[in-house]
Amino acid sequence: MSEGTTLPADVLAGIYEAKLFKQFVPEALNGLMLPLPEALRVFAEASEIDGSFGWLVTIGSGGGFFSAALPPEQARELFGPANAVVAGSGHPNGVAVPVVGGYRVSGQWKYCSGSTFASLYTANCRIDRGDGAEPEIRSFAFLPEQVRVIRDWNSFGLKGTDSHSMAVDDAFVPAQRTFSIMSPPNYDDPIFRYPFLPFAQTSFAAVCLGIFRHFLAEARSFVASKRTEWDTAKPGRAEGTERAISEQEAKLEADAVHFYETVERTWDAFVAAGEMSEADQAEVGQVCQALSRSTLAHAHTIFPLLGMAVLMEDHPINRIWRDLHTVTQHAVLVAKPEPA
């Protein structure tokens, strides 16, 4: 992918063929239904190819979580097609007014990755019953013709993710296209009972891991291309930089082993028990946030050693560095400060 562009048509077609957006969609709906630990490795591998590509595969797959929350007939219609993929937001920025048969909905939501090619959009809304009561929060599914995409994604990283805002203006949504992820799922696979926060944390941590591995590969390639020049100007620079890259890679891979071991152990315990303990949820969150921080720290150790060339925005290493900073900025990966 070239920077700042959406997924090329041939890449998108390949994703549909490989069902990369359907890793958490039941097989009955033409999905892959992978266990979480296996899907995380796919997310990391996709992100190692390209940060925007990996992010879109990850976010698109995450939308499959909702296939078990919608009524079965709606799930078949909306998630069954080969090109089914969700874009949306979890922030309750919409207002839904009950009417006969459903709701009239208006709202605007930011950071909807994959907004330009989604077949389905989801967002949370506050139910306004006009009685002054505390509003209920409910999730809504919108068809593409009901959504207005506002092209405002101007981040310095992950530029190819089309993470624009979306708006809905007084759209009618039938009651059967609304849902709550807190309700019992309509399919039995364990992923649909897995708590949503660690689901997001593990997914995004895997993206960080893949992007940093791409960073390492490009840094090595760059040093190799500069070896002759550096050996003449400053003998030993290339060897020293390669050594630093190898040291940071070893630390990262140790972090990765700990991440996967933690996810797999707590996943197995969750599947066996049918629920995830608060202690395991906290441990997974800490491991994911630690992996996010470590990828940044390792990148910051290497980046200054590469010289002025990588400061240019059109340099591949600069792009990867910006992609990594963008992913690690996500709220679920940032440890909250302790209260004073």
Side-chain angles (χ1 to χ4, degrees), residues 1-3 37 40-55 58 155-160 201-264 284 286-330 333-335:
M1 290 176 58
S2 58
E3 186 164 35
L40 296 179
R41 295 182 185 277
V42 176
F43 298 161
E45 290 171 5
S47 301
E48 191 171 353
I49 295 170
D50 178 86
S52 290
F53 173 69
W55 180 258
T58 302
S155 169
F156 83 149
L158 296 182
K159 287 180 174 292
Q201 290 172 320
T202 54
S203 298
F204 300 164
V207 175
C208 295
L209 176 60
I211 291 176
F212 182 68
R213 284 172 171 163
H214 189 191
F215 180 90
L216 288 169
E218 288 290 342
R220 276 207 173 88
S221 177
F222 178 72
V223 173
S225 73
K226 289 288 188 179
R227 176 175 289 278
T228 300
E229 176 187 335
W230 287 0
D231 283 351
T232 301
K234 190 175 182 180
R237 178 181 176 182
E239 288 78 4
T241 305
E242 287 175 341
R243 184 166 55 251
I245 292 171
S246 294
E247 289 171 354
Q248 298 308 308
E249 180 178 37
K251 292 177 181 178
L252 182 279
E253 292 306 326
D255 295 336
V257 168
H258 181 50
F259 166 69
Y260 283 120
E261 286 180 344
T262 302
V263 170
E264 289 165 3
V284 167
Q286 290 165 4
V287 167
C288 292
Q289 290 172 349
L291 180 60
S292 170
R293 290 193 301 270
S294 68
T295 58
L296 271 184
H298 300 326
H300 285 178
T301 298
I302 296 168
F303 192 80
L305 305 178
L306 304 178
M308 296 291 288
V310 299
L311 295 177
M312 302 301 109
E313 288 190 358
D314 60 353
H315 197 286
I317 291 175
N318 188 283
R319 176 185 178 183
I320 299 166
W321 188 84
R322 288 183 280 114
D323 286 349
L324 181 62
H325 279 71
T326 304
V327 176
T328 57
Q329 191 73 8
H330 199 285
L333 294 179
V334 178

Tell me, please, which residues at least two apart from H214 pass ring-ring contact (aromatic ring centres under 6.0 Å, His included). none
Here the salt bridge (charged side-chain N to carboxylate O under 4.0 Å, His left out) pairs for residues 254-264, sequence neighbours left out, are R41-E264
Counting only N and O atoms by type, is there a donor-acceptor contact under 3.5 Å from the side chain of N318 to the main-chain atoms of V310? yes
Output all residues satisfying side-chain hydrogen bond (donor to acceptor under 3.5 Å, both in side chains) with S246, sequence neighbours left out; order by chain, then residue number. R220
E229: side-chain hydrogen bond (donor to acceptor under 3.5 Å, both in side chains) partners, not counting sequence neighbours: K226
Quick one: sort the H325 and F156 rings into parallel, tilted or perpendicular, breaks at 30° and 60°. perpendicular
Kindly write out the residues that satisfy ring-ring contact (aromatic ring centres under 6.0 Å, His included) with H258, not counting sequence neighbours, or none if the list is empty. none
For L311, which residues count as a side-chain contact (heavy atoms from CB on, under 4.5 Å) partner, sequence neighbours excluded? F303, M308
Going by the rule side-chain hydrogen bond (donor to acceptor under 3.5 Å, both in side chains), which residues pair with E239 if we only count those two or more places apart in sequence or in a different chain? R227
Taking side chain as C-beta onward, heavy atoms only, is L209 less than 4.5 Å from L252? yes
With sequence neighbours excluded, tell me which residues meet side-chain contact (heavy atoms from CB on, under 4.5 Å) with S155. W153, T326
So, using side-chain hydrogen bond (donor to acceptor under 3.5 Å, both in side chains) as the criterion, who are the partners of Q248 when residues are at least two apart? H298
Once ring-ring contact (aromatic ring centres under 6.0 Å, His included) is applied, do any residues pair with F215, and if so which ones, sequence neighbours excluded? F212
When you measure from the side chain of S221 to the backbone N and O of A217, does any donor-acceptor pair fall under 3.5 Å? no
Considering only residues two or more places apart or on different chains, which pairs with a residue in residues 204-213 satisfy salt bridge (charged side-chain N to carboxylate O under 4.0 Å, His left out)? R213-E253
All side-chain contact (heavy atoms from CB on, under 4.5 Å) counterparts of H330, not counting sequence neighbours: W55, F204, V332
N/O donor-acceptor pair under 3.5 Å between R293 side chain and L333 backbone: no
Are any side-chain N or O atoms of S52 and backbone N or O atoms of G160, one a donor and one an acceptor, separated by less than 3.5 Å? yes
